[in-house]
Every structure is written in structure tokens, then in C-alpha cells.
Amino acid sequence: MAFITANWNPLGEAFYRKTELYEMCWNLRDGLRDCLVAAAPYGGPIALLREPVRRSPSSRPQLEIYSASGVAIASFPWKSGPVVQLGWTVSDELLCIQEDGSVLIYDLFGSFKRHFSMGQEVMQSQVLEAKVFHSPYGTGVAIVTASSRFTLATNIDDLKLRRLPEVPGNTWSAGEPTCWVVLTQDRQTKVLMSNGPELYILDTTSCTAVVPPGLGPQAGSIVHMSVSFSYKYLALFTDTGHMWTGSSHLQVNTKKTTPPKQMVWCRRPKSQQPSVVLMWDRLLMVAGVTLTPDPRFPLEDPCVLIGELDGVRIISSANQELLQEVPLVCQEIFKIASMAPGALLLEAHREYQKSSQKADEYLREIKEQSMLGEAVRQCVEAAGHEYDSNTQKSLLRAASFGKCFLTDFSPEAFVSTCRELRVLNAVRERGVGLPLTHTQLVYRQFYPLAIEVCRYLKIPDYQGVSRVLKHWASCKVQQKDLSDEAIARAVCVKVGDSPGVSYSHIAAKAYECGRPELAIKLLDFEARSGEQVPLLLKMKRSQLALSKAVESGDTDLVYTVVTYLKSEMNRGDFFMTLRNQPVALSLYRQRLESRLSLLQTAVDEYNKAKNEFSAKATEEEMRLLRFQRKLDDEKGAGLLGLSLQATMEALLALGLHKQAEQLYRDFRVPDKRFWWLKLKSLAEKEEWEELEKFSKSKKSPIGYLAFVEVCMKSNNKPEAKKYVSKVTPEQRVKAHLAVGDLEGAADAAIERKSDSELAAVLARCPASDRQLLDRLNRAAAAAAKK
Amino acid sequence: MAAHLSYGRVNLNILREAARKELREFLDKCAGSKAIVWDEYLTGPFGLIAQYSLLKEHEVEKMFTLKSGRLPSADVKNIIFFVRPRLELMDIIAENVFRSDKMHSPRDFHILFVPRRSMLCEQRLKEQGVLASFINIDEYILDLIPYDGDLLSMEYESAFRECYLENDQTSLYHTAKGLMTLQALYGTIPQIYGKGECARHVANMMLRMKREFAGSQNQILPVFDTLLLLDRNVDLLTPLATQLTYEGLIDEIYGITNGYVKLPPEKFAQKKQGEASKDLPTEPKKLQLNSAEELYAEIRDKNFNAVGAALSKKAKIISAAFEERHNAKTVGEIKQFVSQLPHMQAARSSLANHTSIAELIKDITTSEAFFDNLTVEQEFMTGVDTDKVNTYIEDCVAQKDPLIKILRLVSMQSVCNNGLKQKVLDYYKREILQTYGYEHILTLNNLEKAGLLKLQSSSRNNYPTIRKTLKLWMEDANEQNPNDISYVYSGYAPLSVRLTQVLARPGWRSIEEVLKMLPGPHFEERQQLPAGLHKKRQQGENRTTLVFFLGGVSYAEIAALRFLSQMEDSGMEYIIATTKLLNVPPARTPAHIKDSMHPSEDRQLLFV
């Protein structure tokens with residue numbers, strides 16, 4: 001396996017290897033000299049700006065964007081002011097920070113998106129240096145001005161500028177700070193800066209001097225510093241050539257007195273040891289645990305170092321290499337004379353392919369230690385770390401060979417590693433150029449490939465294909481050369497009803513690009529009104545928003561629009577808008593205006609609306625109220641608010657018969673109802689004489705059975721009997737029964753010869769009254785015969 | 001505990017379990033001890049989903065009723081408000097939160113909106129300056145609550161009023177959402193039929209929502225074959241008529257809320273010898289009524305006239321079962337007898353309860369007033385003298401009977417006459433206004449808007465045609481051994497259920513003409529099923545229809561649908577869903593007069 005370890009260089013316990021990723025396809029005439037270079041992390045694209053400081057006003061520098069393999073993506077002349085720094089955001093947007101403090105944002109394809117400024121005071125004093133950093137909030141920008149003041153923005157998408165306090169004392173006599181870095185930790189962003197041997201931490205409120213433990217004054221002034229990719233580790237370089245790394249308190253003497261051009265942490269997750277890569281003009285050095293740095297690599301060309309999660313990318317004009325610590329599992333397998341189970345398994349498989357019986361010996365050895373599972377795991381893991389596809393293959397084959405001898409080994413790790421490697425290898429193709437995750441793929445507009453990848457990796461539609469489609473559609477709407485109609489149709493055909501693709505999101509994009517008409521067209525496809533309506537409101541299409549909200553049937557949504565409209569429009573327009581939407585209008589009326597005032601207007605409207613009955617009734621009501629008030633004032637009757645019937649009842653109870661009669665006439669109360677009322681009232685007050693007079697005043701409209709029953713209710717049998725004779729023949733039996741006069745009832749029933757009435761009397765007849773029973777039975781029999 | 005939900009053709013317990021799961025998940029979101037502050041209206045429906053024990057398992061230590069002022073003190077970490085999305089409730093919550101800030105112990109506040117959160121309410125909380133005090137603001141989608149093995153209700157109290165008077169379709173939106181939830185659990189319903197404006201609207205929203213969820217194709221074998229959406233205003237007559245089934249009468253007289261009824265205690269006093277009669281219980285007796293109780297399931301849907309016979313038969317069976325003990329000779333037999341004892345004792349106490357209830361009801365149904373009222377109702381339904389002022393109604397007004405009773409009768413006359421003549425209508429209206437107060441001009445106006453009262457237009461009365469075509473009146477209704485749904489009203493066959501019956505066989509096409517006379521459009525929609533989910537029906541297997549009443553359903557209608565499910569040759573089983581189980585306010589208790597005089601109570605007059 002000599003050829004694999006050939007490029008391994010030991011440092012302390014670990015090895016470092018430098019692998020070539022690409023021979024760059026670009027053709028740079030002057031190499032990387034005098035260029036501003038920025039490469040996005042995770043194998044992202046590279047931006048180049050030649051000669052950022054203009055030599056003459058006539059010559060314009062060229063801004064170029066390449067993929068990681070050097071394929072040109074975009075190129076255009078730089079027309080704006082002098083650029084201090086280039087950087088990439090987390091979503092692969094290019095930031096160009098200018099001397100005057102304005103920051104221009106371009107997308108991956110070099111089209112301008114927007115710009116913002118780092119503050120007014122920067123305008124006068126110019127940006128000296130700038131850094132782009134990644135915080136938990138997103139991508140941030142930090143600048144320092146010629147007057148040595150720092151300004152920070154932790155998230156450029158939600159711009160909040162913070163000016164850091166001045167550094168106290170006269171340290172500024174030396175002019176600019178010699179070096180500085182941005183630290184982000186625990187959601188706090190701070191600036192660490194050095195001035196000679198002193199170190200300061202600046203946060204929003206204070207400036208604190210700090211001394212790194214173990215770094216004595218004899219070490220000299222700090223001339224370079226660097227934080228690791230994870231913002232967890234710090235490295236300082238002094239003018240005496242010493243390097244200090246925070247976690248290990250280690251000082252390495254590089255024996256170099258000039259400050260390095262670049263100093264970058266080289267670590268990986270689960271790293272064995274921390275180490276830093278330093279670069280001088282013609283030398284690259286890895287410094288770590290040991291006191292003297294080693295290995296060293298000579299450099300021919302000017303290079304740029306890009307810190308990655310698991311190593312350092314070295315970009316030169318000719319090629320690109322990855323310098324990284326060899327992962328432990330690879331070391332164990334490939335280290336010379338290694339006896340690790342994985343190494344043995346690889347060897348066993350190799351022998352097996354040669355049809356040698358040694359395969360069995362190796363296998364036996366692993367099995368004796370019962371390490372076969374471990375061996376397979378090692379091979380699978382190592383395959384994932386290898387860059388060369390042949391090495392990957394041999395490792396995976398070995399793993400699959402080993403797996404055959406295991407009964408209960410879960411194949412998941414193996415399968416997913418194979419899948420991921422396929423994808424990684426595919427994207428590493430020169431044409432694509434190295435992105436590592438499928439999201440990054442999407443951002444580079446390789447849509448078909450991305451969709452294939454999603455399907456292949458079995459990412460659920462919702463997270464995978466849909467996101468790709470969404471991105472594609474958002475991109476589509478930005479194409480200025482196509483008509484609204486054509487785009488809307490194209491989007492609709494492709495996206496169709498894919499789950500999770502939100503048309504409103506696409507429409508929002510279109511609106512951002514200044515195409516509101518297209519946005520509205522797209523919104524029509526949106527099925528979720530909850531998403532549709534807010535955007536329409538934002539686009540000031542309130543009419544449309546209202547009708548969509550009403551259409552959805554979600555009344556909460558309607559209310560939202562209505563409240564919005566109310567605050568946005570003047571009253572007249574507001575009601576005109578509502579008038580066209582009866583549902584919204586009634587909702588508004590019901591909830592927003594008080595019920596009471598509505599009532600009042602309703603009463604007024606009756607007259608206008610020619611609702612004769614209601615108008616009359618209302619007039620009657622007013623008349624009654626006036627009447628009640630008058631009587632209340634005169635007699636203190638307490639009538640106000642009672643109904644007409646209750647008023648009359650109260651009047652009768654008070655003995656105010658005249659007034660009651662007056663109401664009866666004035667309000668044309670039906671006779672029947674008034675008679676009932678008076679009858680009950682008199683009986684209640686036991687004014688029997690008055691009642692009798694009343695009964696004789698004219699023929700009762702309610703008959704006289706009612707009199708009988710009411711009297712009985714007041715337990716006055718003699719009075720009740722007075723009225724029995726007046727009852728109509730049809731009700732006479734009932735009346736007799738009511739007063740308990742069985743004989744009378746029987747007589748009446750017999751006279752009328754009615755079956756049912758006879759039966760009713762019979763039912764009430766006690767068994768003791770033989771005589772009556774016989775009479776009744778006879779009559780009943782006669783009636784039945786008839 | 002909820003076993004009766006799973007006995008039916010469709011296992012509604014799934015729905016209940018889903019609701020419980022969601023509740024548990026929310027409670028677990030708020031770590032630590034909690035107190036729940038209830039919107040009082042929600043306690044009833046929630047009781048059907050989760051008992052206190054479930055809440056207790058999830059560290060709910062205290063429960064309060066939402067009211068303005070200061071929250072009662074409780075040593076808990078979380079205060080959770082369970083509320084309907086109503087603005088007036090938000091103000092109370094805000095006050096609660098403000099007042100409690102002065103207390104020492106820091107607490108977390110949460111809101112659970114039932115059934116849906118509302119931006120409007122959150123806006124109000126924001127205006128009050130308390131929105132930020134809430135850690136969690138969530139919604140608990142409680143649309144359809146399983147009430148019984150074949151019955152779902154949304155318990156949305158004002159659906160009818162909102163739809164027909166206020167043109168507010170919130171309830172319809174919730175209905176559509178609820179049906180979507182139901183379809184998510186029980187599969188897409190392939191056929192949708194409907195009659196009425198609201199039904200059309202709900203169907204439209206369902207189809208629209210289906211597009212929204214286009215991604216998640218439902219892979220459940222459909223349980224329901226058909227959905228029938230019925231507007232309440234298609235059949236206004238049925239809920240106006242006095243229900244004559246056992247359950248219907250309990251509701252008419254005492255009112256059933258959330259499956260519970262409160263009864264006067266005197267009849268239920270445990271009469272033990274030597275006990276003084278003075279400690280009679282004064283608290284009303286609360287009984288739960290559902291099909292979990294074997295005897296109740298048997299008699300609830302019977303015509304009340306058949307209940308007596310059923311009860312005495314049951315009494316004989318039970319005493320015969322107790323007599324068995326004399327026959328038990330061997331130890332084994334005795335053991336078997338003893339093992340059945342608890343069941344028999346439960347049956348005996350159930351029998352005692354229902355005998356008491358039946359006695360209570362009988363006192364009322366045999367009264368003259370009840371008989372007179374029923375006679376008039378039946379006259380109207382058969383079309384006797386519906387175009388004249390009715391003397392019985394006049395007398396009732398003069399006697400100041402409860403307004404609700406008057407309104408029911410007048411509305412019924414109007415419906416059965418396809419509107420009243422101007423003279424008759426104005427006469428009734430004047431009678432009502434003069435007797436019960438002019439403020440009821442609004443009540444009457446509402447009744448007119450809802451179509452319960454109307455002026456006869458020039459077209460002729462079409463009610464007789466509808467009655468004859470749909471056979472709404474059956475002269476010889478058999479109350480003891482019914483052979484037609486008309487037994488539930490002793491002669492009148494509920495129109496809504498007739499429509500349902502005709503839909504199953506021979507189909508609506510046969511009654512096209514009548515459908516056109518009833519308000520609102522009728523329609524049919526089909527929902528595509530994914531391939532492979534088409535049901536292969538076995539020979540003789542019944543089809544299942546979900547009948548959804550938009551605006552409420554009466555117990556008698558439920559009984560009639562159950563009767564149809566049980567008919568051997570119908571080939572159809574019905575599950576019933578509704579926005580609200582119609583509650584007739586206990587019209588015959590005089591105390592109600594006072595309530596209905598109050599203007600804000602006029603919603604009750606719309607039987608909603």
C-alpha cells in the first residue's frame with residue numbers, strides 16, 4: 001500500500017496529506033498575484049478581482065467568478081469604487097466591500113442583487129480592512145476604518161450596524177491595529193485585536209485588555225492571528241517567529257521573523273491534534289504539537305489558503321489541493337504494517353481476489369479476535385474519507401466481502417455510504433466542481449442533476465425535489481427576456497401540483513424582481529389562501545386579497561384583510577371596497593361596530609325602508625313608552641319597560657281599570673286577550689262582584705268555561721257555579737265536571753248523547769254511586785246503539 | 001371508558017384517540033405543573049374527549065373558569081388558557097395576565113385556541129400588550145366530537161344563526177376542515193351529495209382544501225361511501241315539531257347538554273326505611289345518556305308510547321334473572337350466578353332510573369296542555385286550517401305561555417302554509433309584540449330572515465305537494481312496532497330523513513320536482529380515489545353514508561336515521577354528524593319566560 005501513504009507527512013501523532021483536487025481549468029495570465037481572491041467554504045466557488053486598486057481611472061478591473069475546478073461562471077468589468085475585500089455568504093452570494101463602506105451583493109452568476117452601507121462615518125474615513133464572517137445569525141461583515149473604529153453587522157439579511165467602542169489609551173499613535181479577527185461564540189460577536197504585544201477584546205459596550213496565558217512579553221508583538229473554521233480555536237503569530245495556539249498553550253518557534261502571508265487552522269471534527277497551516281512566499285508549513293514545525297512544503301506559485309471544515313484548500317494558478325489530517329481510521333488501515341482489523345480485512349480481500357488461501361488466514365485472524373464487524377465498519381468509514389475512487393472501491397469491496405461472514409450486520413451504513421459516494425463523485429466531476437451537499441448543488445442551477453440526486457438519496461419529496469423545483473421556479477421568474485404569460489405557463493407545467501412547492505413563495509420572488517403582474521398570475525395557482533392573501537396585501541392588491549380571502553371561507557383571514565384595509569384606506573374607499581363583498585361587509589358590521597348603534601339605526605331605517613308594519617310597531621312602542629312615563633310620574637306605577645300586556649296587567653292589579661281600558665282601546669287589543677287578562681286579574685284580587693259585572697257587560701268572547709275554570713283555580717266553587725249555566729252546551733259537561741257536579745255532568749252528557757263525554761263522566765264516577773253508574777251505562781248503551 | 005364509540009359500523013374511537021393524542025402532545029409542550037383556565041363553554045365538549053384523569057397524568061393540578069379579575073392563586077409553573085377564539089375572551093385573558101404580574105412566582109402563560117387560532121385574537125392580545133407574555137400559542141383542532149357510536153357533533157352553538165342571519169360562514173369553514181380531518185382518518189369519501197346553499201359552500205371548500213393537501217395522497221381504504229350535506233333551512237319543519245321519542249322527549253322537557261341531562265331529584269331519592277323525608281337531595285340529578293348503557297340504547301329511539309312496554313318487559317327479564325339464584329344448585333352454578341351479579345345490579349339500577357324518568361315524562365305527556373299543543377301541531381302538519389289565525393295560539397298568548405312555544409307554533413304554521421297571509425302574519429306579530437314586549441320586533445325580524453316566518457307570496461302553497469310526494473304524513477304510524485320513520489313524530493316523517501332515505505333508494509332523480517321547491521341548489525360531486533382503494537363490496541354488505549346536518553339536528557331525526565340503518569332491506573348504514581345537537585330550551589318550564597324576554601337571548605329562539 002506504499003502508494004497511498006506516499007504523500008503522508010507525520011507531525012506528532014498524526015499524519016498530514018496533500019491531495020490534488022483539480023488541475024484548474026482557468027487560464028490566468030498573471031497567476032494569483034495582485035488579485036483579491038475569495039472562495040466560498042464547502043468547496044464553493046471562487047471570486048477573483050484583478051488589480052483592485054486602480055492604476056489609472058481608465059483601466060477597469062475585471063471581476064471573475066469560477067467554480068472550484070476553475071470553470072468560468074461569470075466575468076464582468078468592475079465599474080464601482082475600489083474594493084477592499086471580497087467574501088461569500090452562507091447562501092453563496094458574493095459580497096464586495098468597497099473603500100467607502102458600501103457593500104455590493106451579487107449572486108453566483110454575477111448579477112447584482114442589492115447593496116447596503118456600513119454607516120455614514122465610514123464615508124469620510126474609508127475602510128481600511130474588512131472581514132466576512134459566519135455567525136449563528138447568518139453572514140456578517142466587520143470593517144475597521146482609517147480612524148481605527150470597528151463597525152459590525154452580524155447578519156447582512158437583517159442589517160443592524162453596531163459601532164464598537166474606541167480602544168483607550170494612546171496605543172493609537174502606532175496607527176492602525178496590527179491585526180484583528182472576529183470571534184463569534186454563544187451568539188455574541190466580538191473583535192479581538194492586537195497592537196504590538198497587547199491584545200484587546202472589543203464588544204458592543206466595552207474594550208477589555210487580555211493576556212493570552214503562557215505568552216510572555218519576550219515573545220514580542222503579535223503580527224498575525226487566525227481563528228479556526230468553527231470559531232473555537234485561536235492562533236497568534238509574533239514578530240519573533242513564535243506561534244501560540246490557545247488550547248494547547250503551545251508555542252512553536254517557526255524561526256521565521258517575517259509574518260506569514262496567511263495562517264489558517266487545519267483541523268477536522270474528531271481531530272487528533274490541533275495544527276495550523278502557515279504560508280510564506282515560497283513555503284508552506286504545518287505547525288502543531290511539536291516545538292518545531294514540520295512538514296514543510298515548497299511552493300512555486302503564489303497561493304491562497306481556504307479554511308474548510310476538515311482541512312485547508314490550497315489554490316494556485318495551476319491546481320487546487322486539499323491539505324488535511326489523515327483520518328484516524330484511514331491511518332489504521334493504510335499505515336505500514338498495521339494490524340488493525342480493517343487493514344487485515346482489506347488484505348484478506350486482496351488475497352481472495354488473487355484466489356490465494358491466505359485470504360482465509362487473514363479472515364481467521366480477524367474472526368478470532370471477533371473483530372470482523374469492526375473491520376467492516378472501518379473499511380466503510382475509510383471509504384467515505386478517501387478521495388480517489390479506486391481506493392474507495394477497494395475499501396468498499398473489502399467491506400462487502402467481510403459482510404458475507406457476518407449474520408446480523410446492519411447494511412445501512414454500507415448502503416448510505418455507497419449512495420453518498422456516488423453523489424460526491426458525481427459532483428466532483430470537473431464540469432460541476434465539488435459542491436458537497438445537495439443544497440449547494442441546487443444553488444448552482446444544475447437542476448436536473450439535483451433532482452436526480454434527491455431521488456437517488458431518497459430524500460423525501462418535501463425536502464428534496466420540491467425544494468429544487470421551487471428554486472428553479474424562483475430563478476425562472478427572474479429571467480427578464482420571457483413574457484409574464486410564458487413564465488407563468490412554464491412554471492405551472494413543471495411544478496404542477498408538487499407537494500410542498502409554495503406558489504406564493506415563487507410569486508414573492510417575482511414581486512421582488514418588480515414583476516407584480518407575474519406574481520399575481522402565479523398566486524392564482526396557490527391553493528393555500530393563508531399564504532396567498534398576505535402577499536397580495538403586501539403588493540397592495542387589497543381588492544384581490546379581499547376576494548381571495550372571502551373565497552377561501554376562512555373568516556379569520558377575511559378579518560385580517562378587513563382590519564388591514566381599515567388602517568390603510570380612507571373611510572369612503574373602505575366602505576366602497578366592502579360593499580362589493582357582502583360577506584366581508586356583514587362580518588365587519590357584526591364584529592366591529594357595536595351592536596347597540598346598529599340597533600338604533602335599524603329603528604330609524606324602518607321608516608325609510610317602507611317597512612310599514614315595523615314602523616307602526618315602533619311608533620306604538622314609542623306611544624307606550626310615553627304613556628308609561630306619564631303614569632309613572634303621576635302614580636309611581638313602575639311601568640317603564642313592561643310590555644303592553646304586562647302594563648295592562650299591572651294597571652288592573654293597581655285598580656286603575658280606566659287606564660287599562662284606555663290602553664285596550666288605543667292599542668286595539670283583541671277582545672279575547674283583554675277578557676282573559678281582566679278575568680284572571682279580578683279573580684286574583686278576589687273581586688267577585690266586579691267579575692260578575694264584567695261577565696254581564698257583554699257576551700264573553702272567550703266563552704264562560706274560562707270563568708268556571710279560573711274561579712276553581714282560586715278555589716271559589718260557589719262563584720264558579722254561577723257561570724256553569726252560561727257555558728255553551730258543547731262545554732257544559734266539562735264545566736260541570738270542573739266544579740265537581742257529577743249529577744249535572746251526567747245529565748248534560750245524557751242529554752247530548754255523546755259517547756266520549758259519557759265515558760269522561762263515567763271515568764270520574766265513584767263505584768259507590770250505583771244509581772248514577774247505571775244511568776250512565778244505560779245512556780252509553782243507547783248512544784252506542786244509535 | 002369510551003367503548004361505546006367503537007361498537008358501531010365505523011369505529012369513532014379512532015377520532016377520539018386522535019384528539020386525545022393531540023391534547024397530550026400540547027400538554028407535554030408545557031413542562032412542569034400546570035393550571036388550566038377554561039372558557040366555560042368548552043368544558044362540556046372536552047369532557048367527551050378527556051376526563052380529568054388524563055389531564056392529571058400530565059401534571060394539570062388546578063382548573064379554573066375564565067373570568068375577569070385576578071387569577072386564583074395556584075402554585076404551578078404554567079397557566080394554560082383553553083379558549084374559543086373570541087375577542088371578548090381575549091380582553092379577559094389580558095386582564096388576568098396583567099393582574100398576575102404582581103405576584104412573585106414567575107409563571108409561563110400559554111393559550112390553546114379551540115378549534116382554531118385566530119390572527120384577529122392575537123392582534124387583540126398584542127394591542128393589549130400581553131401577546132409577548134405567552135410562550136406557546138397553539139390551536140387545538142376540535143371540530144367533530146364523537147358523541148356516540150354513530151354520532152358526531154361540532155357543538156358549534158350558533159352555526160344556524162351565523163349562516164342564515166349574519167351571513168357569517170365561519171362555521172362552514174370549520175365544518176369543511178372537520179370533514180377533511182375525518183377523511184384523513186377514515187379515507188376519502190368518494191361521493192358527495194348536498195342540498196342547500198351552505199351545503200354547496202361546504203362542498204366547494206372541501207374540494208378546494210383537497211387541492212391544498214394535494215401532496216399527501218390519502219392511502220386509507222374509504223370507510224364512508226357517501227357524504228350527504230343537508231342545510232337546516234331545507235327542512236325547518238322538523239325541528240319545530242315536538243319530538244316524541246324517548247330521548248327526544250327528555251330533551252324537549254329537560255334539555256340534554258353534552259350527553260348529560262339534569263333531572264329533578266325528588267324521584268331519584270333513595271327511599272330507605274326509617275329515613276326522614278326531609279333530607280331529600282336538592283341538587284338536580286345528573287345522568288349521562290349514551291349507548292354505553294344497554295337499556296338506554298334499547299329504548300332511546302322508541303316512540304314514548306312504546307317505552308312503557310319495553311320497560312316492563314325488561315323488568316320481567318331482570319327479576320327472572322334474579323330468580324335464577326333459586327335454581328342454582330351446584331357450587332359451579334352459584335359461582336356463575338355471582339359472577340353475573342354486578343352486571344345485573346347495574347341493569348337494575350339503570351331500569352330504576354329510566355322508570356323514574358319515564359314517570360316524569362308521562363306526567364307531562366298526559367297533561368291536557370301537552371295534548372292540545374300536539375293536536376295543533378298535527379293539524380298544521382296535515383294542512384288543516386293553516387291559513388287562518390289559530391285560536392289555540394291566541395289563547396296561549398293570552399295565557400302568556402312561554403314565548404318560545406308561541407314562536408314554534410307560529411313558525412310551524414308559516415312553514416306548513418308556505419308563508420302566512422299579510423293579515424294573519426301581522427295579527428300574530430302584534431299579539432306577540434304587545435304581550436312579550438316591543439323589543440321582540442328584532443326576534444321576529446330574525447325569524448323572517450331565517451325563513452321561519454314569512455309572508456305568503458303570490459305562488460300557491462306548495463307544502464301539500466311536498467307532503468304528498470315525500471309521504472310526510474303517515475296516517476297509521478305504528479308506534480309499537482314501527483315500519484316507517486314517521487313513528488318518531490307519531491305520524492310526521494321528518495323531511496330531512498325522507499330526503500336521505502330517497503337518496504339511497506330510488507335516488508334523487510325521482511323527486512327532482514320537489515327538490516326544486518325546497519330552498520337552495522342540490523348537487524352531486526365525486527372525489528377521485530387513488531387506484532387500488534376502490535372498495536370491493538361483498539355480497540350483502542351495507543353501504544355507509546355520513547349525513548351532515550348544517551345548522552343542527554334533532555334527536556328525533558337521529559332516531560329516524562338509526563331506524564333506517566336497522567331496517568333489514570335498506571342496505572345502508574348511517575353515521576350522523578352535525579354542527580350542533582339541537583337543544584330545545586325547556587319550553588315548558590315557566591322559568592324560561594324570563595330568559596327569553598331578554599333581548600340577547602333571542603338566539604335561543606332560533607332553536608340554536
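What you see is a predicted model; the values in this text were computed from it and never measured.
- Both the backbone and the side chain of Gln399(B) come within less than 4.5 Å of a heavy atom of chain A.
- Partners of Arg116(B) under the salt bridge (Lys or Arg N to Asp or Glu O under 4.0 Å) rule, at least two apart in sequence or in another chain, are Asp143(B).
- Although no hydrogens or angles enter the test, the distance criterion places a donor-acceptor pair under 3.5 Å between the side chain of Ser643(A) and the main chain of Thr435(B).
- In this view, Gln422(B) and Asp426(B), Leu455(B) satisfy the side chain to side chain contact (heavy atoms under 4.5 Å, CB included) rule, not counting sequence neighbours.
- In this structure a side-chain-to-backbone donor-acceptor pair under 3.5 Å is present from Gln434(B) to Phe667(A).
- Under the rule for a side chain to side chain contact (heavy atoms under 4.5 Å, CB included), the partners of Glu197(B) that lie at least two apart in sequence or sit in another chain are Asp231(B), Pro521(B).
- Heavy-atom neighbours of Glu88(B) CD from other residues, nucleotides or ligands within 6.0 Å: above the threshold of 12.
- For Glu127(B), the CD atom counts as densely surrounded, since its 6.0 Å shell holds more than 12 non-hydrogen atoms of other residues, nucleotides or ligands.
- Contacts between residues 668-677 of chain A and chain B, defined by a heavy-atom separation under 4.5 Å, are made by Arg668(A), Val669(A), Pro670(A), Lys672(A), Arg673(A), Trp676(A).
- In the displayed structure, Tyr392(B) atom OH is contacted under 6.0 Å by more than 12 heavy atoms of other residues, nucleotides or ligands.
- Note that CG of Asp395(B) and CD1 of Ile702(A) are 8.0 Å apart. Values are rounded to the nearest 0.5 Å.
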